[in-house]
Amino acid sequence: MARGTTPYVHDTPVSIRARLMLIAFMASALPGLLGLGRFLQARSLAIEEDTARLVQMAEQQARTIDERVRGTAQLLYGLARADELVHSANRTTCSAFLKEVREAYPQYTGIITVLPNGQMFCDSLNTGRELDLRDRAYFQAALSAPTGVVLEPVFGRLSGLAVLQVAHPVRSAQGELEFLVLASLNLQSLLAKPPLPVPEARLLLLDDQGTVLASTDAADASHPAGSSLSATPLSRFITNAEHQTAELVGPDGQLQVWANAHSVASARAGIHVSAGVAKNALLAQADRRFRQDLVLLGLSALGLFLGVWALAEYGVRRQVGRLTGMARQLAAGDLSARIAQPLPSGELGALMTTLNQTAESLEQQRTDISELNTRLQQSQRMEAIGQLTGGVAHDFNNLLTVVLGNAELLAEQRDMDPRLRAMADSIVTAAQRGAELTQRLLAFARKQALDPKAVDINQLVGSLDPMLRRTLGAHIEIELIRAAGLWSALVDQGPLENALLNLCLNARDAMPDGGRLTLETANVRLDDEYVQRFGDVVPGQYVMLAVSDTGQGISPQNLQRVFEPFFTTKAKGKGTGLGLAMVYGFVKQSAGHLAIYSELGQGTTVKMYLPRATTSPTGQNAAPVVSSVAGGSETILLVEDDAAVRHYAVTALRSFGYKVIEAEDGPTALALLDQVGPLDLLFTDVVMPGGMNGRALADAARLKRPGLRVLYTSGHTENAIVHHGRLDVGAQLLSKPYRRSDLDRAVRAALSVPSG
């Protein structure tokens with residue numbers, strides 16, 4: 001080892017592969033937490049939804065009972081008037097008739113007639129038995145009931161099943177009881193329904209004493225028909241019905257969810273309807289979904305780990321190993337070391353290529369490098385940077401000129417395939433970005449070919465104002481403060497516009513939630529005291545152009561480095577770090593001065609001091625000649641949400657002779673359509689608040705006024721709007737900002753289109 005060199009130290013306590021695997025593990029932890037949160041939310045939602053379904057089940061069952069009772073009452077009313085019951089004293093004939101009726105209505109276990117003395121006269125089962133029904137509550141109630149039906153849930157003496165006795169007293173014209181016709185509605189048959197909306201749920205019918213009348217699960221040993229639940233929490237909940245839902249512990253010790261039906265008719269019949277299910281059953285679906293999510297998460301995590309392992313092994317670790325091997329050879333003094341082909345693509349391949357080229361350069365200049373001292377090395381390095389910047393910029397600009405020129409020629413071909421045109425447009429955009437980057441490098445290196453002339457800064461700021469408003473967005477408020485009697489500045493106008501635009505874009509990025517951007521001009525004299533404080537400026541008269549924002553501000557430690565090349569406070573990938581360095585290089589090359597002031601939370605101000613010109617600006621463009629106004633007398637409905645723009649448009653249109661009706665948004669315009677008379681044109685903005693844009697307004701207006709002509713206006717370009725599908729092909733559009741002549745021509749063109 002040569003004397004004075006530092007030995008190569010291989011210190012990798014944590015490998016790249018291990019770090020990538022750790023990142024993959026941390027990345028998979030977040031989906032796991034999200035899955036757990038989703039599981040807990042799904043469980044809670046499942047309980048709420050299924051509890052609501054239980055209530056619906058109980059209510060539906062109560063409505064079914066009510067409907068059956070009404071149907072039974074209608075049946076009994078009809079039977080009471082049948083000749084076989086009214087005029088026949090033949091018990092056999094009466095029983096045979098009731099048998100036919102019961103067979104037609106299988107929901108009844110039996111239909112009987114009862115004499116006023118309580119003896120059964122005939123029955124549908126034709127048993128011939130003698131029954132005394134005087135002790136039945138429904139019979140006693142029927143004796144005094146003048147009309148209607150009497151209800152009582154009981155267990156039938158003939159069938160032994162839980163039934164709802166529906167009795168109808170038949171009285172003579174004098175009001176005397178002639179006989180009682182009674183139908184026994186099978187309660188268990190009412191529960192024989194299709195699959196319930198809540199799996200594993202059950203329906204339960206109880207009487208006022210807490211006796212189980214029927215259950216959807218007839219084989220359930222915990223609630224068999226005829227069993228008593230009196231004094232149990234379930235019975236108290238069902239019979240009292242203070243709450244519609246409750247969670248109770250079942251006989252098996254599991255938590256159950258029950259829901260009551262609030263039905264006045266069922267309660268009058270002495271029947272309480274309730275639906276219940278084990279709480280674990282409600283959570284089964286959420287638990288299954290959670291298990292599925294765990295499986296998917298596990299598979300995703302496994303795939304992620306395998307992918308990261310493969311990337312770390314083949315895409316990173318092995319390539320880094322090749323770099324490390326060559327670095328060790330170079331560290332040992334072997335300048336003939338090279339990384340063999342093939343080289344990978346991407347940054348690692350570029351790094352390997354650069355390393356090979358560096359090795360070649362070092363090998364060629366080994367003798368020279370060993371003879372240079374530290375100061376000479378630094379001088380040569382700075383000179384090499386300057387030469388590299390100029391040479392690369394020159395060659396790259398030549399290439400970009402060819403690429404950009406040919407791409408624009410391709411883009412102008414009207415018969416080109418749309419996909420090829422899109423590719424050509426993409427090439428144009430990429431070439432323009434490359435040109436901008438090259439220009440920034442030249443500005444930083446102060447190697448621009450500047451052509452300074454006398455420039456009216458106020459006029460320049462005014463001409464850039466519309467473009468800035470479009471570029472920065474509506475969330476940025478722009479204020480111009482232009483000094484009266486402003487001197488002319490000796491500067492190259494093109495690079496100055498680029499520098500100003502760069503500062504405005506930086507200000508916009510510092511105000512992501514919106515804010516105020518202020519452009520200010522002033523005449524300034526920098527005296528000796530100021531020069532002594534900064535040291536890099538010559539005393540004299542300058543034209544100041546300041547850009548201020550109300551954004552986040554810059555910390556003091558970063559404020560000292562903002563003009564360094566490749567230093568940026570933006571997130572990775574959001575900036576090149578050449579913006580302010582370019583501005584600084586341009587201003588210094590223009591014999592000016594740049595100052596920056598910032599406070600955290602208050603905003604930032606960048607001031608460009610440009611040297612005063614001794615001559616007046618020349619070559620100013622004459623004002624364009626505006627064509628004569630044609631005007632008209634038609635009626636126009638103007639819809640514009642911006643008050644200032646609306647006022648301007650209304651004033652201009654009325655000055656042309658048009659009759660104008662104005663509205664601030666779509667709903668207001670639609671309301672006016674129902675009030676105004678004939679209308680010739682709808683002139684509407686495309687993007688408006690209130691939930692209705694210009695296209696939706698036009699569609700709705702044409703439903704009210706078929707054939708209505710429409711003229712759109714927008715702050716976006718026509719192509720952008722068409723590319724986004726907001727306007728149909730051939731729609732009339734007037735782009736903002738527009739002049740009076742533009743407005744007149746667009747309105748006349750829209751009105752000249754045949755209606756319909």
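Model, not experiment: these values are computed from the prediction. One is the number of the first residue; the rest follow in order along the sequence.
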How many angstroms lie between CG in Leu133 and CZ in Phe139, if you round to the nearest 0.5 Å? 7.5 Å
Side-chain (Ser274) to main-chain (Ala259) donor-acceptor, under 3.5 angstrom: yes
Spacing of CD belonging to Glu59 relative to CG belonging to Asn260, to within rounding of 0.5 Å: 9.0 Å
Return the CG to OG1 distance between Leu79 and Thr113, rounded to the nearest 0.5 Å. 10.0 Å
Whether the Tyr108 and Thr72 side chains hold a donor-acceptor pair (N or O, under 3.5 Å, no angle test) is what I'd like checked. yes
Any side-chain donor near an acceptor of the partner, Arg63 and Gln60, under 3.5 Å: yes
Out of Leu187, Val212, Leu164, which residue meets the side chain to side chain contact (heavy atoms under 4.5 Å, CB included) rule with Leu205? Leu187
So how far is it from Leu672 CG to Leu679 CG, rounded to the nearest 0.5 Å? 10.0 Å
Contact check, side chains of Met688 and Asn693, non-hydrogen atoms, under 4.5 Å: no
Using a strict cut-off of less than 4.0 Å between a Lys/Arg side-chain nitrogen and an Asp/Glu carboxylate oxygen, indicate whether Arg70 and Asp66 qualify as a salt bridge. no
Using only atom types and a distance under 3.5 Å, with no angle test, would you say the side chain of Glu640 pairs donor to acceptor with the backbone of Ala663? no
Heavy-atom pair with the smallest gap, counting every atom of Arg136 and Phe155: NH2-O, 3.4 Å
In Å, rounded to the nearest 0.5 Å, how long is the span from CZ of Arg702 to CG of Leu673? 12.0 Å
Over all heavy atoms of both residues, which pair between Leu125 and Asp123 is shortest? Give the atoms and the distance, please. N-OD2, 2.9 Å
